[in-house]
A.B. asks: 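Following this message is one structure expressed as structure tokens.
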Amino acid sequence: MFLTLMLLRNSIPGKQWIGKHRRPRAVTWQMTRNTVKHLERERENEYWISRPYMTPEQEYCHAVERRAQNWIKIKEAKFCNFPKHKRITDHLSHLNITKTWSS
């Protein structure tokens with residue numbers, strides 16, 4: 001009985017590639033190569049990120065004028081479609097029935 005249980009325990013329950021108790025995939029040389037390539041690319045990215053393009057003194061307030069011009073453009077674009085002002089007399093002109101055509 002114990003021998004049978006021990007021999008049958010090697011099988012994977014259910015689908016062999018999905019689930020909690022799945023069969024582990026064999027690591028191939030392509031997988032190793034791709035992982036190494038990815039890690040080298042990441043190392044190079046970290047190298048370039050670690051060296052800033054501008055010093056903190058240059059970076060401080062370097063885009064103030066450009067941001068102010070962009071804000072002015074945004075405001076102008078917002079107000080160009082704004083309807084013209086209407087007076088209260090325009091809104092209530094349909095109530096003015098005492099005027100005659102001739103006068």
Side-chain angles (χ1 to χ4, degrees):
M1 181 170 116
F2 291 115
L3 179 63
T4 311
L5 284 174
M6 198 161 166
L7 291 174
L8 292 176
R9 233 175 248 186
N10 291 338
S11 68
I12 296 166
K15 300 271 185 182
Q16 66 174 339
W17 297 113
I18 60 172
K20 183 177 179 181
H21 302 289
R22 61 179 168 245
R23 183 172 141 202
R25 287 179 59 193
V27 178
T28 62
W29 65 271
Q30 292 99 339
M31 295 165 117
T32 310
R33 180 199 59 202
N34 290 342
T35 304
V36 167
K37 194 190 304 186
H38 174 74
L39 289 173
E40 287 174 354
R41 187 183 321 123
E42 194 170 324
R43 185 174 52 87
E44 186 180 356
N45 288 343
E46 287 189 13
Y47 170 80
W48 289 113
I49 288 172
S50 68
R51 284 151 178 75
Y53 179 73
M54 292 191 289
T55 63
E57 293 81 21
Q58 291 172 334
E59 189 176 359
Y60 180 72
C61 293
H62 77 283
V64 173
E65 293 177 19
R66 180 178 50 86
R67 291 183 73 210
Q69 290 173 354
N70 287 345
W71 175 245
I72 290 171
K73 287 180 186 175
I74 291 170
K75 276 179 41 178
E76 288 175 356
K78 188 184 288 186
F79 284 115
C80 73
N81 295 330
F82 198 77
K84 294 184 179 179
H85 292 292
K86 293 183 182 177
R87 308 241 180 264
I88 192 71
T89 55
D90 299 334
H91 286 285
L92 301 177
S93 63
H94 68 283
L95 298 174
N96 195 4
I97 55 170
T98 57
K99 284 190 177 177
T100 58
W101 284 89
S102 60
S103 60

A.B. asks: Just by modelled atom types, is the E59 backbone N or O under 3.5 Å from a matching donor or acceptor in the H62 side chain?
C.D. replies: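 Yes; judged by distance alone, with no hydrogens or angles, the pair exists.
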
A.B. asks: Can you name the residues that form a side-chain contact (heavy atoms from CB on, under 4.5 Å) with A63, not counting sequence neighbours?
C.D. replies: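 Partners of A63 under the side-chain contact (heavy atoms from CB on, under 4.5 Å) test: R66, R67.
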
A.B. asks: Using 0.5 Å steps for rounding, measure from the CD atom of E76 to the CD1 atom of I72.
C.D. replies: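 That separation rounds to 7.0 Å.
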
A.B. asks: Please say yes or no: joined through hydrophobic side-chain contacts below 4.5 Å, possibly via intermediate residues, are Y53 and W48 part of one cluster?
C.D. replies: no

A.B. asks: How close do I12 and R23 get, heavy atom to heavy atom, and via which atoms?
C.D. replies: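 Minimum heavy-atom separation between I12 and R23: CD1-CB, 3.2 Å.
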
A.B. asks: Rounded at 0.5 Å granularity, tell me how far CD1 in I49 sits from CD in E44.
C.D. replies: 11.0 Å

A.B. asks: How far apart are the closest heavy atoms of A26 and M31, and which atoms are they?
C.D. replies: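 It is O-SD, 3.6 Å.
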
A.B. asks: Counting only heavy atoms not in W17 (residues, nucleotides, ligands), do more than 12 fall under 6.0 Å from its CH2?
C.D. replies: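 Yes, the 6.0 Å shell around CH2 holds more than 12 heavy atoms from other groups.
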
A.B. asks: Using a 6.0 Å cut-off, check whether atom CD of E65 has over 12 heavy atoms from anything other than its own residue.
C.D. replies: no

A.B. asks: Is any side-chain heavy atom of Q30 less than 4.5 Å from a side-chain heavy atom of R33?
C.D. replies: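 Result yes, sub-4.5 Å side-chain heavy-atom pair found.
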
A.B. asks: Decide if atom NE2 of H91 counts as having more than 12 heavy atoms of other residues, nucleotides or ligands within a radius under 6.0 Å.
C.D. replies: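 Counting other residues, nucleotides and ligands, NE2 of H91 exceeds 12 neighbours.
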
A.B. asks: How long is the gap from CZ on R41 to CG on L39, to the nearest 0.5 Å?
C.D. replies: 9.5 Å

